[in-house]
Asks: 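Sending over a structure as structure tokens; questions will come in a sec.
Because the structure is a prediction, the values reported are computed rather than measured. Only heavy atoms go into these numbers, but all of them, side chains included; no hydrogens, no water, no symmetry mates.
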Amino acid sequence: MYPAEIVMPMKAQLTSNGFEDLTTPEQVEAAIKQEGTTLVMVNSVCGCAAGAARPGVVMSLDNDKVPTHLTTVFAGFDKDAVAKAREFFAPFPPSSPAVALFKDGELVHMLERHHIEGHSVAAIAENLKAAYNEFA
């Protein structure tokens, strides 16, 4: 588990942009099962989360269509919440960072770490915008 003083600024990069920080399995389940579209970002301390995933997710919100609900869980910190989120990500294996888009509780789009690592912020944002345009 990572210390809070390291994690909290990384959480704030998303929560200050409208993301709800989910810290319990119950919050995760309720969020994913909401009507509409729900984006779940599995946040992480790794460099690709800082350099590409978080900025790409935030940039993706500059779009005509965006998810109804923006949420995040933090790998290595909110252990039970992340485990619950990953149950909904099946058949995709655990990955962090990762970004999942749900529509009415059904997984419709997934970005795994290998879709993030080594890709530009703009490429991640465009990938997500395409999913929003299709499903939101």
Asks: Salt bridge or not for Glu126 and Lys129, using N-O below 4.0 Å?
Replies: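 Yes, charged N to carboxylate O under 4.0 Å.
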Asks: Any chain of hydrophobic side-chain contacts (each under 4.5 Å) joining Leu101 to Ile116?
Replies: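 Leu101 and Ile116: one cluster.
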Asks: Would the distance check show the side chain of Glu117 and the main-chain N or O of His114 forming a donor-acceptor pair, the cut-off being under 3.5 Å?
Replies: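 No; zero donor-acceptor contacts below 3.5 Å.
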Asks: Counting distance only, does the side-chain N/O of Arg113 pair as donor-acceptor with the main-chain N or O of Cys48 below 3.5 Å?
Replies: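 Pair absent, no side-chain N/O of Arg113 close to backbone of Cys48.
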Asks: For the residue pair Pro55 and Gln13, establish whether any side-chain heavy-atom pair is separated by less than 4.5 Å.
Replies: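 They are in contact (side-chain heavy atoms under 4.5 Å apart), so the answer is yes.
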Asks: Does a side-chain heavy-atom distance below 4.5 Å link Phe92 with Leu107?
Replies: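 Of all side-chain heavy-atom pairs linking Leu107 with Phe92, at least one is under 4.5 Å.
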Asks: Check for a donor-acceptor pair, side chain of Ser95 on one end and backbone N or O of Ala98 on the other, with a separation under 3.5 Å.
Replies: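 Here the side-chain-to-backbone pair does not exist.
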Asks: Which distance, rounded to the nearest 0.5 Å, do you find between the CG of Leu14 and the CZ of Phe74?
Replies: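 These two atoms lie 9.0 Å from each other.
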Asks: Show the nearest heavy-atom pair for residues Leu128 and His109, with the distance to one decimal.
Replies: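 Minimum heavy-atom separation between Leu128 and His109: CD2-CD2, 4.2 Å.
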Asks: Answer with yes or no whether the side chains of Tyr132 and Ser60 bring together a donor and an acceptor at under 3.5 Å.
Replies: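 Distance-only check passes for Ser60 and Tyr132.
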Asks: Is there a path from Val58 to Ile124 through hydrophobic residues (I, L, V, M, F, W, Y) whose side chains come within less than 4.5 Å of each other?
Replies: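 Yes.
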Asks: Does the side chain of Val108 reach to within under 4.5 Å of the side chain of Phe102, using non-hydrogen atoms?
Replies: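 Of all side-chain heavy-atom pairs linking Phe102 with Val108, none is under 4.5 Å.
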Asks: Are Val66 and Leu70 grouped together when hydrophobic residues (ILVMFWY) are joined by side-chain heavy atoms under 4.5 angstrom apart?
Replies: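 Hydrophobic grouping puts Val66 with Leu70.
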Asks: With a 6.0 Å cut-off (strictly less than), is the heavy-atom count around NZ of Lys79, excluding the residue itself, greater than 12?
Replies: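 At most 12 heavy atoms, drawn from other residues, nucleotides or ligands, come within 6.0 Å of this atom.
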Asks: May I ask whether Ile32 and Leu22 are part of the same hydrophobic cluster, defined by side-chain heavy atoms of I, L, V, M, F, W, Y residues being less than 4.5 angstrom apart, directly or through others?
Replies: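 Yes; tracing contacts between hydrophobic side chains, which count when under 4.5 Å, links both residues.
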Asks: Without hydrogens or angle criteria, can the side chains of Asn127 and His119 be said to hold a donor-acceptor pair below 3.5 Å?
Replies: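 Note: Asn127 and His119 side chains miss the donor-acceptor criterion.
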Asks: Taking all non-hydrogen atoms of both residues, which atom of Glu112 and which atom of Pro93 are closest, and how far apart?
Replies: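 Smallest interatomic distance, heavy atoms only, reads OE1-CD, 3.4 Å.
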Asks: Report yes if some heavy atom in the side chain of Glu29 is under 4.5 Å from a heavy atom in the side chain of Phe88; otherwise report no.
Replies: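 Of all side-chain heavy-atom pairs linking Phe88 with Glu29, at least one is under 4.5 Å.
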Asks: Hey, are the side chains of Pro3 and Ile6 touching, using non-hydrogen atoms and a 4.5 Å cut-off?
Replies: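 Of all side-chain heavy-atom pairs linking Ile6 with Pro3, at least one is under 4.5 Å.
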Asks: When you look at CD of Gln34, are more than 12 heavy atoms from neighbouring residues, nucleotides or ligands closer to it than 6.0 Å?
Replies: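 Buried by this count: over 12 neighbours within 6.0 Å.
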Asks: Evaluate the side chain to side chain contact (heavy atoms under 4.5 Å, CB included) criterion for residues Ser44 and Arg54: first the C-alpha distance (whole Å), next the side-chain angles of each, then the deciding distance (0.1 Å), finally the verdict.
Replies: CA-CA 9 Å; Ser44 172; Arg54 288 192 301 270; 5.8 Å; no
Asks: With a 4.0 Å cut-off, would you call Lys84 and Asp78 a salt bridge?
Replies: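 Salt bridge: no.
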Asks: Picking from Thr72, Val99, Thr71, what satisfies side chain to side chain contact (heavy atoms under 4.5 Å, CB included) with Leu39?
Replies: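 Answer to the side chain to side chain contact (heavy atoms under 4.5 Å, CB included) test with Leu39 among Thr72, Val99, Thr71: Val99.
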Asks: Do the non-hydrogen side-chain atoms of Lys11 and Phe77 ever get within less than 4.5 Å of each other?
Replies: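 Lys11 vs Phe77: side chains touch.
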Asks: Linking I/L/V/M/F/W/Y whenever any side-chain heavy atoms sit under 4.5 Å apart, do Val40 and Met110 land together?
Replies: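 Linked, Val40 and Met110 end up in one cluster.
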Asks: Looking at Glu35, is its backbone amide N or carbonyl O close enough to the side chain of Asp104 to form a donor-acceptor pair, meaning the two atoms are under 3.5 Å apart?
Replies: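 No: the side chain of Asp104 does not pair with the backbone of Glu35.
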Asks: In the structure I gave you, are the side-chain heavy atoms of Leu61 and Phe19 within less than 4.5 Å of one another anywhere?
Replies: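 Of all side-chain heavy-atom pairs linking Phe19 with Leu61, at least one is under 4.5 Å.
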Asks: Between His69 and Glu20, does the side chain to side chain contact (heavy atoms under 4.5 Å, CB included) criterion hold? Intermediate values first, please.
Replies: CA-CA 8 Å; His69 312 283; Glu20 179 184 0; over 6 Å; no
Asks: Keeping the roles fixed (side chain from Ser96, backbone from Ala75), state whether a donor-acceptor pair exists under 3.5 Å.
Replies: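 Judged by distance alone, no pair lies under 3.5 Å.
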Asks: Has the side chain of Asp21 got a donor or acceptor atom that lies under 3.5 Å from a matching backbone atom of Val73?
Replies: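 Between the backbone of Val73 and the side chain of Asp21 there is no qualifying donor-acceptor contact (under 3.5 Å).
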